[in-house]
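Below, read A as the first sequence line, B as the second, and so on, with proteins coming before strands; counting in each chain starts at 1.
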Protein chains: 2
Amino acid sequence: MKKRLSISDIAKNLGISVTTVSFILNDKAKEKRISDALTHRVLDYVKKVGYKPNQLAKSLRTGKSKTLGLLVEDISNTFFANIAKQIEQRAYDHGYHILYCSMNNDVNRAKELIQLFHDRQIDGFIIAPTEGLSEVIHNLLKNNVPIVLFDRFIEDLDTNYVVSENKQGAYMGSKYLLEDLKATKVGMLTINSAQTQMRSRLDGYMQAMDEWGRDAVIKKIQVDQPNDITIDLVRDFIVDNKLDAVFFATNYIAITGLKAIKKYKLGIDKIVSFDDHAIFSLFQTPVTSLSQDIKGISDHIIQILLSEINGKSKGYQHIVIPCELKVRS
Amino acid sequence: MKKRLSISDIAKNLGISVTTVSFILNDKAKEKRISDALTHRVLDYVKKVGYKPNQLAKSLRTGKSKTLGLLVEDISNTFFANIAKQIEQRAYDHGYHILYCSMNNDVNRAKELIQLFHDRQIDGFIIAPTEGLSEVIHNLLKNNVPIVLFDRFIEDLDTNYVVSENKQGAYMGSKYLLEDLKATKVGMLTINSAQTQMRSRLDGYMQAMDEWGRDAVIKKIQVDQPNDITIDLVRDFIVDNKLDAVFFATNYIAITGLKAIKKYKLGIDKIVSFDDHAIFSLFQTPVTSLSQDIKGISDHIIQILLSEINGKSKGYQHIVIPCELKVRS
DNA sequence: TTGAAAGCGCTAACAC
DNA sequence: GTGTTAGCGCTTTCAA
């Protein structure tokens with residue numbers, strides 16, 4: 001493997017100095033009033049020999065790594081995987097790379113990873129924050145590290161975030177069950193989590209129940225328990241409360257719920273779930289869903305983060321993006 | 001933001017030289033016979049002030065970035081997302097980061113990305129190669145860049161790969177339809193692609209059809225056409241050929257197929273798909289699947305790549321991992 | 001057993 | 001307009 005050319009090789013071969021080459025390569029030819037002829041000669045030569053600047057050296061010198069960190073709970077979750085895909089696209093378009101990782105519901109791992117990313121001079125963070133990350137994110141903020149939170153935010157932390165209009169979405173979904181499907185008793189299945197998006201979805205459901213003068217019937221399930229157990233819990237919840245409609249707070253809870261409905265032939269046919277999923281149009285009774293605007297979310301995240309990095313931000317931004325009710329029947 | 005400490009700050013504050021600090025930090029204290037007392041003093045101090053070496057500088061000096069590149073077609077595909085999750089876990093355990101990206105079926109983008117990663121001195125590549133990448137991968141190989149292909153390989157390229165036992169899996173699935181479900185006419189739906197894994201799945205199906213003396217009935221659909229059109233094509237395929245069983249070559253084809261089955265009430269109840277999916281146990285007639293060993297695949301990928309990077313590889317490895325038939329009925 | 005210093009490839013202040 | 005050079009933070013050879 002022949003050694004990679006360096007900028008000084010280029011300069012030497014062309015009989016000029018590295019400065020000149022550097023200026024030309026960094027689009028400062030005009031500014032530094034380097035002759036057009038020379039500029040072209042350098043550019044042509046660089047292209048001919050396929051010279052690429054060493055990003056590492058560049059980063060070391062400039063302190064910018066041109067890399068963003070994406071931290072999510074679980075990259076194999078379709079919502080996060082889709083966000084990741086969009087973010088990555090946009091990042092590459094702007095010359096940024098993405099380092100990503102799944103925190104897997106493990107606060108210590110998460111803290112470690114954030115530190116690790118920071119040590120690697122990540123230019124900015126995109127985080128779906130889990131509980132317990134408040135302090136470490138606060139530290140980043142204190143160090144002026146650009147950050148955008150998404151999917152949820154942390155209440156006592158003043159920073160950028162991009163989230164869906166969860167309360168309004170949950171309200172729409174609940175209202176759809178009550179008003180359009182004439183449900184008499186609507187239960188809500190959610191997870192045992194204090195994350196803001198979950199709280200908002202709960203609030204939306206509650207508001208609808210209040211307005212219709214119905215009892216709120218809520219079960220919070222634990223995410224880390226075996227699926228079989230959860231399935232049985234869901235059956236008990238539906239049967240014991242004589243529900244004729246269910247609102248699921250996320251698509252993965254819905255999938256577990258649908259398993260229970262199928263397994264125990266519960267005959268529930270009024271179902272709404274937050275987050276869309278391929279499965280929902282295929283279930284025996286189609287599931288109406290609140291689909292989040294993945295593209296819109298990603299666009300805002302990148303736009304806010306890049307403007308922070310480029311020092312063009314005008315205070316912290318709080319973006320709330322509407323969801324769409326996808327009716328299936 | 002207070003400036004980060006550098007190794008020379010540490011040395012200065014401790015009244016010793018950077019060399020000594022560097023040796024101690026890189027576990028060469030013993031080898032260089034630095035006194036235990038000093039070693040401890042340095043280690044304690046480093047911990048106390050929370051000093052972290054600058055990875056960029058380290059990389060620039062050593063030429064190792066401690067970063068791996070993961071290139072897949074589409075990170076939002078569950079198979080790839082799951083592989084990504086596993087790989088990432090293992091990589092971090094070994095002190096490596098993952099830069100990833102989706103090639104989105106775009107050869108030029110893929111080439112560009114590989115070049116980009118290479119320019120960033122990625123230590124190794126993990127690639128699910130698409131058609132047309134032969135040349136650029138060949139170039140990497142010529143430059144002794146560690147590479148592991150997975151999911152498929154490229155026939156005229158001698159390198160490491162980790163794939164599932166696709167032919168055997170497809171054979172098992174087809175045999176299950178014929179032998180256990182007593183299917184009379186089994187059609188295969190696959191995609192219009194020459195990738196090795198697709199070819200092998202086709203071969204497995206064909207072998208079973210041959211052994212049972214049945215006609216092979218195959219439809220290749222185009223991945224990039226609108227879903228509605230594909231759904232209608234699937235219906236025509238099933239109806240025109242009077243099929244009573246279908247073998248789907250991937251889970252996403254299966255999902256489209258299930259949509260057709262549901263939409264047009266085709267009443268097919270003998271269904272097998274390659275790749276498992278949450279949906280398959282929930283469809284009106286459960287779908288038996290061939291599930292790939294994500295963990296096994298990931299383990300092998302990382303193990304091979306790291307031994308290549310550390311120069312411990314003993315020639316190219318070709319790993320073929322069995323799939324499991326998940327019967328549902 | 002420890003230290004001085006060169007050098008990885010690049011940018012940019014300063015000199016001419 | 002173009003060149004010289006210091007220095008980003010680190011590893012490692014060579015010297016002491």
Side-chain angles (χ1 to χ4, degrees), chain A residues 1-43 45-46 49-67 95 118-121 123, chain B residues 1-43 45-46 49-67 95 118-121 123:
Chain A
M1 175 180 179
K2 61 178 187 298
K3 224 175 116 307
R4 274 179 59 153
L5 289 171
S6 78
I7 194 169
S8 67
D9 294 324
I10 303 289
K12 206 180 301 160
N13 296 351
L14 249 30
I16 56 178
S17 84
V18 286
T19 318
T20 311
V21 179
S22 173
F23 282 152
I24 293 174
L25 256 29
N26 290 294
D27 288 329
K28 292 189 182 149
K30 283 273 168 294
E31 183 186 326
K32 299 290 176 183
R33 291 123 82 53
I34 291 166
S35 69
D36 272 16
L38 184 53
T39 303
H40 274 109
R41 198 155 70 90
V42 171
L43 257 22
Y45 183 72
V46 160
V49 298
Y51 162 76
K52 305 274 176 179
N54 181 326
Q55 259 300 330
L56 250 33
K58 207 164 173 163
S59 296
L60 178 60
R61 184 61 234 234
T62 60
K64 303 264 156 232
S65 63
K66 286 283 189 177
T67 305
H118 192 203
D119 295 342
R120 286 249 178 155
Q121 354 258 152
D123 293 341
Chain B
M1 175 180 179
K2 61 178 189 296
K3 225 178 115 305
R4 274 179 59 152
L5 289 170
S6 77
I7 194 170
S8 67
D9 294 323
I10 303 290
K12 205 179 301 160
N13 296 351
L14 249 30
I16 56 177
S17 83
V18 285
T19 317
T20 311
V21 179
S22 173
F23 283 151
I24 293 174
L25 256 30
N26 289 294
D27 288 329
K28 291 189 182 148
K30 284 270 166 295
E31 184 186 324
K32 300 289 175 183
R33 291 126 79 56
I34 291 168
S35 69
D36 272 15
L38 184 54
T39 303
H40 275 109
R41 199 154 70 89
V42 172
L43 255 22
Y45 183 72
V46 160
V49 298
Y51 162 75
K52 304 275 175 179
N54 180 325
Q55 261 300 329
L56 250 34
K58 208 164 173 164
S59 297
L60 177 60
R61 183 60 234 235
T62 60
K64 302 265 156 231
S65 64
K66 286 282 189 178
T67 304
H118 191 203
D119 295 342
R120 287 249 179 155
Q121 353 258 147
D123 293 340

Let me check something: any side-chain donor-acceptor pairs from residues 31-38 of chain A under 3.5 Å, sequence neighbours excluded? List them with distances.
unit_1	atom_1	unit_2	atom_2	d
A/Ser35	OG	A/Leu38	N	3.3
A/Asp36	OD1	A/Lys30	NZ	3.4

All N/O pairs under 3.5 Å across the protein-nucleotides 2-5 of chain D interface:
unit_1	atom_1	unit_2	atom_2	d
D/dT2	OP2	A/Ser35	N	3.1
D/dG3	OP2	A/Ser17	N	2.9
D/dG3	OP2	A/Ser17	OG	3.3
D/dG3	OP2	A/Thr20	OG1	2.8
D/dT4	O4	A/Thr19	OG1	2.4

Across all chains, not counting sequence neighbours, the side-chain hydrogen bond (donor to acceptor under 3.5 Å, both in side chains) partners of A/Gln55 are none
Rounded to 10°, the angle between the first-five-pair and last-five-pair axes of the helix from C/dT1-D/dA16 to C/dC16-D/dG1 is 50°
Sorted by chain and number, sequence neighbours left out, side chain to side chain contact (heavy atoms under 4.5 Å, CB included) with A/Lys12 holds for A/Asp9
Base, sugar-phosphate or nothing for B/Lys28? Non-hydrogen atoms, less than 4.0 Å.
sugar-phosphate
Requested in this report: Verify the distance criterion only: is there a donor paired with an acceptor across the side chains of A/Thr19 and A/Ser22 at less than 3.5 Å?
Outcome: no
To the nearest angstrom, the CD1-P distance between B/Ile7 and C/dA5 comes to 17 Å
Ignoring hydrogens and angles, tell me if any N or O in the side chain of A/Asp123 forms a donor-acceptor pair with the backbone of A/Lys64 under 3.5 Å. no
Strictly distance-based, threshold 3.5 Å: is any side-chain N or O of B/Thr62 a donor or acceptor partner for the main-chain N or O of B/Lys58?
yes
**Request:** Would you indicate, yes or no, if C/dT11 has its OP1 or OP2 atom less than 4.0 angstrom from a side-chain nitrogen or oxygen of A/Ser22?
**Result:** yes
So, with a heavy-atom separation below 4.0 Å from DNA chain D, the residues of residues 49-60 of chain B are B/Tyr51, B/Pro53, B/Asn54, B/Ala57, B/Lys58
When rounded to whole Å, the CG to C1' distance for the pair B/Asn26 and D/dT13 reads 15 Å
